[in-house]
Amino acid sequence: MQQKNVVVLGAGVSGLTTALLLCKTRKYSITIIAKHMPGDYDIEYASPWAGADFVPPHVGMGVSMKEPLELATWPELERLAREQPEAGIHLQESIFYRRTKDRDNEKGKYVEDLMRDDNPFRRMLPNFRILHRNKLPQGMDAAVSYTSVCINTSLYLPWLASQCLKAGVVMKRGILNHISDAAALHHSSSPAELVVNCTGLSSLRLGGVEDLTLYPSRGQTAIVRNEPGVIMASTGTDEETESTYIMDRAAGGGCVLGGCSVKNSWDSQPDPNLAIRIMKRAVELCPSLVPPGQGIEALSVVRHAVGLRPMRKDGIRIEKETVRHPDRRPVTVVHNYGHGGAGYQTSYGAAKKAVALVEDRWTTQARL
Ligand code: FAD
């Protein structure tokens, strides 16, 4: 069967996962075009900065439209962690605490909902249990524990790229001003019949997309060499936009301490005062990060980092449309962007949905 030419624009976790699942159908000849590739660290490239772990989303409150994507993603991340150590993902015990102060607010409600019998993630995540009150540290009034995954993004992104290359995908650098320019960049020199748009936050300014409902949520972390061997998080801090989490990444990826979530901030530089607060709170939450009796001076810092989560007012956009440009042929575009703080934990669900829209492009045409 003659393969159809497809260009995937973007080489973050969304573009690479979508390209990989497209390859598996064997129906497409795929070129990935991107300004940034695995190995790069840039404020315009969210994927390398992620923790990254899998946190159950807030279900049943209308807060998350992503649940089905996450339910579809977990099995694959779990399989990779169990069967393919070279992907840089491992399984890890994860403890999520509710601060007594948060008992009556929205964050506290999240932990309450997590404990509900009908929460699908309670059934899906291995070893899910509610911790007994007398096992909780001071200042906490509830906690759940489960097995999650922790992804070493500096190994996982190159691993995704290598899987794509093995399946025949061609990867090229390029900076595009308009989404329809992508159609002319297929490696065969024949035009692509379809473009998949996985440009994350850059879809805000990319010609032909210009999605003004996108905005950044700035996240700052500290990556340290200390190895607590656990993921831990709490519902909040006394600072509105700050949070406390630690995650010990697979295969020497360091332990990520976070963090914050500052809407509409584009600032790419780590704030040194925030860095101190992040490290202090991490040691308070997880004293085993450092030797007994020691504080943040015992943290061995690899770097302080800042990334921008690609937030979108109405959540992730996975849609198909025809994009027109006055000087080009109309091009079918499948969008897969706007994953906010959940691009890894929705990656396979989102990519499967995008692949279904790509497939639909040809089945619909065949029916006409
Ligand atoms: P990106 O990674 O930004 O990739 C966009 C791609 O498009 C790049 O290759 C870029 O070069 C390319 N591109 C853009 N514009 C153009 C153009 N005009 N021409 C050519 N190429 C272009 N998610 C989780 O699931 N779990 C976590 O624990 C987690 N923790 C996070 C912690 C932090 C601090 C941050 C910042 C994010 C975190 N995330 C987490 C969210 C996750 O990182 C993002 O949702 C995800 O990386 C988005 O990936 P993407 O591929 O859509 O976009």
Side-chain angles (χ1 to χ4, degrees), residues 7-19 32-55 57 66 69-70 73-74 77 89 94 148-151 153 156-157 160-161 171-179 181-182 185 195-210 214 216-223 231 233 243 245-247 249 256-262 265 268 270 278 304-312 316-318 335-351 354:
V7 166
V8 175
L9 186 59
V13 66
S14 309
L16 294 169
T17 312
T18 308
I32 297 177
I33 308 283
K35 182 174 177 184
H36 305 97
M37 291 284 182
D40 295 348
Y41 283 86
D42 192 283
I43 196 66
E44 291 178 21
Y45 187 28
S47 294
W49 305 111
D53 71 348
F54 186 104
V55 183
K66 311 189 303 294
L69 304 182
E70 275 143 340
T73 300
W74 170 261
L77 293 180
I89 304 178
S94 187
S148 186
V149 287
C150 192
I151 303 169
T153 58
Y156 184 58
L157 293 170
L160 279 175
M171 297 181 68
K172 297 202 289 185
R173 296 257 182 185
I175 305 178
L176 273 59
N177 292 321
H178 198 282
I179 186 75
D181 294 343
L185 296 175
V195 172
V196 186
N197 172 30
C198 299
T199 53
L201 191 55
S202 298
S203 278
L204 177 64
R205 297 200 187 100
L206 180 65
V209 187
E210 289 156 308
L214 281 163
S217 169
R218 180 181 179 279
Q220 179 170 325
T221 58
I223 292 112
I231 297 173
S243 54
Y245 60 84
I246 65 163
M247 50 184 93
R249 301 209 278 202
V256 178
L257 316 180
C260 69
S261 189
V262 187
S265 169
S268 63
I278 286 174
H304 296 284
V306 173
L308 302 180
R309 301 175 183 91
M311 311 301 291
R312 186 168 176 272
I316 303 172
R317 183 180 184 199
I318 308 172
H335 298 285
N336 181 12
Y337 67 82
H339 301 75
Y344 285 84
Q345 64 179 50
T346 56
S347 56
Y348 285 91

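Atoms within each ligand, like the ligands themselves, are counted from 1 in listed order.
- Considering only non-hydrogen atoms, atom 36 (C) of ligand 1 lies nearest to G307 out of C260, G307, G343.
- Taking CD1 of I89 as the reference point, atom OG1 of T153 lies at 10.5 Å (rounded to 0.5 Å).
- At the shortest separation from atom 34 (C) of ligand 1 among protein heavy atoms lies W49 O, 3.8 Å.
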*Would Y41 and W49 satisfy ring-ring contact (aromatic ring centres under 6.0 Å, His included), going step by step from the backbone distance to the final call?*
CA-CA 8 Å; Y41 283 86; W49 305 111; 5.1 Å; yes

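- Within ligand 1, counting atoms from 1 as listed, the ones closer than 4.0 Å to a heavy atom of H339 are 45 (O), 52 (O).
- When hydrogens are left out, the protein atom nearest atom 31 (C) of ligand 1 is A50 CA, 3.4 Å; that is the closest non-hydrogen contact.
- Looking only at protein heavy atoms, the nearest one to atom 2 (O) of ligand 1 is S47 OG, 2.5 Å.
- Under the 4.5 Å side-chain criterion, counting only non-hydrogen atoms from C-beta, V306 is in contact with I43.
- With a heavy-atom cut-off of 4.0 Å, C198 touches ligand 1 through its backbone alone.
- Rounded to the nearest 0.5 Å, atoms CZ (R312) and CZ (R317) are 6.0 Å apart.
- Atom 10 (C) of ligand 1 has H36 ND1, 3.7 Å as its closest protein atom, hydrogens excluded (heavy atom only).
- Here R309 contributes atom CZ and R218 contributes atom CZ; the two are 10.0 Å apart, rounded to the nearest 0.5 Å.
- Counting protein heavy atoms only, atom 51 (O) of ligand 1 is closest to S14 N, 3.0 Å.
- Annotation: the span from T199 atom OG1 to R205 atom CZ amounts to 12.0 Å, rounded to 0.5 Å.
- Among the atoms of Q345, some N or O lies under 3.5 angstrom from an N or O of ligand 1.
- You'll find the side chain of N197 stays beyond 4.5 Å of the side chain of N336, heavy atoms only.
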*Quick one: do V7 and V196 satisfy side-chain contact (heavy atoms from CB on, under 4.5 Å)? Show the steps, please.*
CA-CA 6 Å; V7 166; V196 186; over 6 Å; no

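- Contacts of L9 with ligand 1, taken as heavy-atom pairs under 4.0 Å, involve the side chain alone.
- Any N or O atom pair closer than 3.5 Å counts here, and G200 shares no such pair with ligand 1.
- For the residue pair T73 / S347, no side-chain donor-acceptor distance below 3.5 Å is found, with atom types taken as modelled.
- Looking at atom 23 (N) of ligand 1, its nearest protein heavy atom turns out to be G341 O, 3.1 Å.
- Heavy-atom contacts of A52 reach the following atoms of ligand 1: 26 (N), 27 (C), 28 (O) (cutoff under 4.0 Å).
- Ring pair Y156/Y344 is tilted by interplanar angle, where 30° to 60° counts as tilted.
- Residue Y45 places a heavy atom less than 4.0 Å from ligand 1.
- Q220 places no side-chain N or O within 3.5 Å of a backbone atom of H304 that could act as its donor or acceptor partner.
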*Could you go step by step and tell me if I316 and Y337 meet the side-chain contact (heavy atoms from CB on, under 4.5 Å) rule?*
CA-CA 6 Å; I316 303 172; Y337 67 82; over 6 Å; no

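- Taking a cut-off of under 4.0 Å to the non-hydrogen atoms of G10, the atoms of ligand 1 that pass are 6 (C), 7 (O), 9 (O), 12 (C).
- Residue K35 has at least one N or O atom closer than 3.5 Å to an N or O atom of ligand 1.
- When T199, I316, L157, D40 are checked for heavy-atom proximity to atom 13 (N) of ligand 1, T199 turns out nearest.
- Geometrically, ligand 1 and Y344 share a nitrogen or oxygen pair separated by less than 3.5 Å.
- Here is the list of ligand 1 atoms found below 4.0 Å of a heavy atom in S202: 14 (C), 15 (N).
- Ligand 1 places these atoms under 4.0 Å from at least one heavy atom of L206: 18 (N).
- Of the polar atoms of A11, at least one N or O is found under 3.5 Å from an N or O of ligand 1, judged by distance alone.
- Among P216, G258, P310, C150, the residue whose heavy atom lies closest to atom 48 (C) of ligand 1 is P310.
- The pair K35-E44 meets the salt-bridge criterion, with a side-chain N (NZ, NE, NH1 or NH2) lying under 4.0 Å from an Asp/Glu carboxylate O.
- Atom 37 (C) of ligand 1 has as its closest protein heavy atom R309 CG, 3.6 Å.
- Heavy-atom distances between G340 and ligand 1 reach below 4.0 Å in at least one pair.
- Of all protein heavy atoms, the one lying nearest to atom 26 (N) of ligand 1 is D53 O, 3.0 Å.
- In this structure the side chain of V8 never reaches within 4.5 angstrom of the side chain of I33, judged on heavy atoms.
- Between V13 and ligand 1, at least one pair of N/O atoms sits closer than 3.5 Å.
- Side chain to side chain, S94 and D53 fail the donor-acceptor criterion of an N or O pair below 3.5 Å.
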